[in-house]
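Each chain gets a letter, A, B and so on, in the order the sequences are listed, and its residues count up from 1.
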Amino acid sequence: MAIHFYNTFSKMKEEFKPIEPGIARIYTCGPTVYDYAHLGNYRAYMFEDLLRRVLKFNGLKVIQVMNITDIDDKTIKGSKDRGIPLSEYTARYIKAFFADLKTLGIEKAEVYPKATDHIPEMVSLVKTLMDKGYAYQGEDGSIYFRIAKFEPYGKLSGKKINELKCGYRISSDDYSKEEASDFALWKGWTPQDGNVFWETELGKGRPGWHIECSAMSMKYLGSHFDIHCGGIDNIFPHHENEIAQSEAATGQKFVNYWLHCAHLMVEGEKMSKSLGNFWTLREVLDKGYDPRTIRFTLLSTHYRQPLNFTLEGAHASKESLNRLYDFINMLQRVKKPEGKSGETINALVENTREKFKENLNNDLNISGAIGTIFEMIKQVYLISKKNELNQAEAQLILDLIGEMDTVLGVLPSKEETLSQEVLTRIKLREEARQSKDWALADQIRDELLEMGIVLEDTREGTIWKKR
RNA sequence: GGCGCGGUAGCCAAGUGGUAAGGCAGAGGUCUGCAAAACCUUUAUUCACCGGUUCAAAUCCGGUCCGCGCCUCCA
């Protein structure tokens with residue numbers, strides 16, 4: 001089944017054809033580790049997680065590279081303000097970042113290169129650009145990319161250089177450029193940088209922001225690879241600049257498919273640090289939401305739609321997942337050896353699998369894919385209601401859900417257990433119910449509910465679940 | 001101003017030519033000792049608005065209104 005993605009470059013949905021059959025090489029713009037990442041950042045990483053999972057679901061091997069930007073104005077400022085070395089300052093945020101990824105169930109990329117570990121690669125790339133006349137050194141010692149020489153500049157973002165508003169953030173280094181829109185490949189050392197600098201063939205200084213992505217993606221994925229992702233705000237200037245640097249240096253096409261996700265909104269505005277309206281993962285978890293609920297919330301809206309994050313929405317996600325979990329519990333309790341649903345279940349499972357995949361392969365239509373799961377749930381409940389479901393069929397459905405969860409990643413990783421003490425209380429309640437001591441039975445049920453354990457009395461006896 | 005995305009029920013959200021998925025929330029009912037879960041019924045004669053194309057439009061075309069993003073920190 002063909003996979004289609006919306007390519008920012010062509011502004012159209014295109015069939016995905018990997019350069020090397022069977023392998024998808026992906027570069028995803030990662031975090032700048034000057035602070036804790038916020039939910040908006042994680043929306044982007046969640047989208048990239050979905051992308052890699054869907055590719056794998058289709059049987060492709062994925063090689064994903066995600067950079068860690070550990071050198072820029074903000075990290076330098078942060079380390080100076082705290083009076084600690086840059087690497088020590090960034091280490092805590094790198095650690096927090098990986099911890100959050102784990103919490104959210106985001107699969108690890110194959111490579112997480114740090115900018116500071118790749119200075120030689122960047123220097124070499126800048127030298128190539130200088131040799132080819134695409135870069136020049138300004139009076140301030142910085143090296144700039146000569147946009148005027150790269151004719152296709154603007155082809156990703158649809159911007160024309162002469163129409164760009166002049167930046168309002170004109171700093172002294174702008175007087176060293178030939179054109180205001182030229183961007184820094186290498187920044188000459190200034191006193192503000194303190195002891196953060198590298199002595200290289202380009203002089204004393206540090207890399208510009210964009211060059212790391214070109215140097216590191218080419219190192220790990222080759223000079224021409226399949227997919228490059230990021231937030232929509234990276235289209236310009238970041239990705240535009242990456243194309244310019246990379247293609248000017250190698251003379252070949254940099255990336256085939258550019259995928260960008262829309263922003264996470266909060267009360268109608270994008271969540272960002274500069275607006276001060278951001279929530280970290282920890283803050284949301286502290287409001288009592290399960291990590292899987294947050295994962296599902298971030299995942300369940302199509303990546304090109306702005307996602308308005310609200311507590312009401314998180315609640316809806318939580319209840320949706322509960323419906324799924326209850327359904328799984330029900331299937332696990334089916335013990336009937338015989339049944340007469342036969343063909344119906346087989347057809348339903350096949351059909352659901354097909355539609356699920358079809359939706360995902362249509363530009364990662366996760367909302368549609370999730371819809372197919374809940375449609376199936378309803379159908380299966382109707383069949384089970386008539387007591388026509390047997391154990392083998394229940395297992396078939398459980399297997400399908402397990403398969404689909406390789407994409408969703410919302411099922412609990414291991415079975416939950418109760419303490420002996422709680423099990424004893426449940427047993428006591430059973431006895432109370434036998435002797436129709438409803439007061440005691442209800443009291444125990446309320447007691448356990450306080451502890452987050454829900455009891456349900458079914459035909460086959462009492463079952464429990466954690467909520 | 002330039003470029004881009006969008007407006008579908010109380011909320012979230014699929015659906016790109018064939019007669020409105022799904023989730024949450026609400027109401028009534030079945031089941032239950034009571035609950036819970038599940039099921040049934042119910043909640044958009046209609047997809048921002050106005051024209052047009054078509055046998056047929058939420059979907060295509062033109063226009064209008066509104067919201068959001070980017071235009072050198074940003075996921």
A/R459 (side chain) and B/C31 (base): donor-acceptor pair under 3.5 Å: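 Check fails, no donor-acceptor contact within cut-off.
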Presence of donor-acceptor pair under 3.5 Å, side chain of A/D457 and base of B/C34: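 It does, because a donor-acceptor pair links the side chain of A/D457 to the base of B/C34 below 3.5 Å.
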Side chain of [X] only, heavy atoms from C-beta on: which candidate in [options] is closest?
{"X": "A/L382", "options": "B/G15, B/A75, B/C40", "result": "B/C40"}
{"X": "A/K465", "options": "B/A35, B/A37, B/C24", "result": "B/A37"}
{"X": "A/E319", "options": "B/C24, B/G33, B/U72", "result": "B/C24"}
{"X": "A/A441", "options": "B/G33, B/A75, B/U72", "result": "B/G33"}

Base-pairing assignment for [N] (Watson-Crick or G-U wobble, both under 3.5 Å):
{"N": "B/C11", "value": "B/G23"}
{"N": "B/G28", "value": "B/C40"}
{"N": "B/U46", "value": "none"}

Counting only side-chain nitrogens and oxygens, does [X] get under 4.0 Å of the OP1 or OP2 atom of [N]?
{"X": "A/Y325", "N": "B/A37", "value": "no"}
{"X": "A/K378", "N": "B/C40", "value": "yes"}
{"X": "A/K270", "N": "B/C70", "value": "yes"}
{"X": "A/N365", "N": "B/G15", "value": "yes"}
{"X": "A/R323", "N": "B/C39", "value": "yes"}

Face-to-face contact A/F374 to B/G22 six-ring, under 5.5 Å, under 30°: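 No; centroid distance or tilt outside limits.
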Heavy atoms under 4.0 Å, any strand shown: does [X] hit a base, just sugar-phosphate, or nothing?
{"X": "A/Q305", "answer": "sugar-phosphate"}
{"X": "A/L264", "answer": "base"}
{"X": "A/G313", "answer": "nothing"}
{"X": "A/Y6", "answer": "sugar-phosphate"}
{"X": "A/H302", "answer": "sugar-phosphate"}
{"X": "A/D442", "answer": "base"}
{"X": "A/T301", "answer": "sugar-phosphate"}
{"X": "A/I373", "answer": "nothing"}
{"X": "A/M330", "answer": "nothing"}
{"X": "A/K436", "answer": "nothing"}
{"X": "A/S157", "answer": "sugar-phosphate"}
{"X": "A/K74", "answer": "base"}

ring-ring contact (aromatic ring centres under 6.0 Å, His included) evaluation trace for A/Y381 with A/F327: CA-CA 8 Å; A/Y381 265 128; A/F327 177 68; 5.3 Å; yes
[N] and [M]: how far apart are their [atom1] atoms, nearest whole angstrom?
{"N": "B/G7", "M": "B/U43", "atom1": "P", "answer": "25 Å"}
{"N": "B/A48", "M": "B/G15", "atom1": "P", "answer": "15 Å"}
{"N": "B/A35", "M": "B/A27", "atom1": "P", "answer": "15 Å"}
{"N": "B/C39", "M": "B/U53", "atom1": "P", "answer": "46 Å"}
{"N": "B/G63", "M": "B/A9", "atom1": "C1'", "answer": "28 Å"}
{"N": "B/A57", "M": "B/U72", "atom1": "P", "answer": "44 Å"}
{"N": "B/U59", "M": "B/G52", "atom1": "C1'", "answer": "15 Å"}
{"N": "B/U54", "M": "B/G62", "atom1": "C1'", "answer": "16 Å"}

Taking 4.0 angstrom as the limit, do [X] and [Y] come out as a salt bridge?
{"X": "A/D326", "Y": "A/K465", "value": "yes"}
{"X": "A/R146", "Y": "A/D182", "value": "no"}
{"X": "A/D73", "Y": "A/R206", "value": "yes"}
{"X": "A/D100", "Y": "A/K95", "value": "no"}
{"X": "A/D140", "Y": "A/K177", "value": "no"}

Salt bridge (charged side-chain N to carboxylate O under 4.0 Å, His left out) assessment of A/K159 paired with A/E240: CA-CA 9 Å; A/K159 296 190 188 304; A/E240 194 69 73; over 6 Å; no
Contact nearer the 5' end of RNA chain B, comparing A/N241 with A/H38: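 Here A/N241 is the residue nearer the 5' end.
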5' priority, RNA chain B, between A/M271 and A/I370 [closest heavy atom]: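 That would be A/I370.
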Whether A/S367 side chain and A/S300 backbone form a donor-acceptor pair below 3.5 Å: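 Yes.
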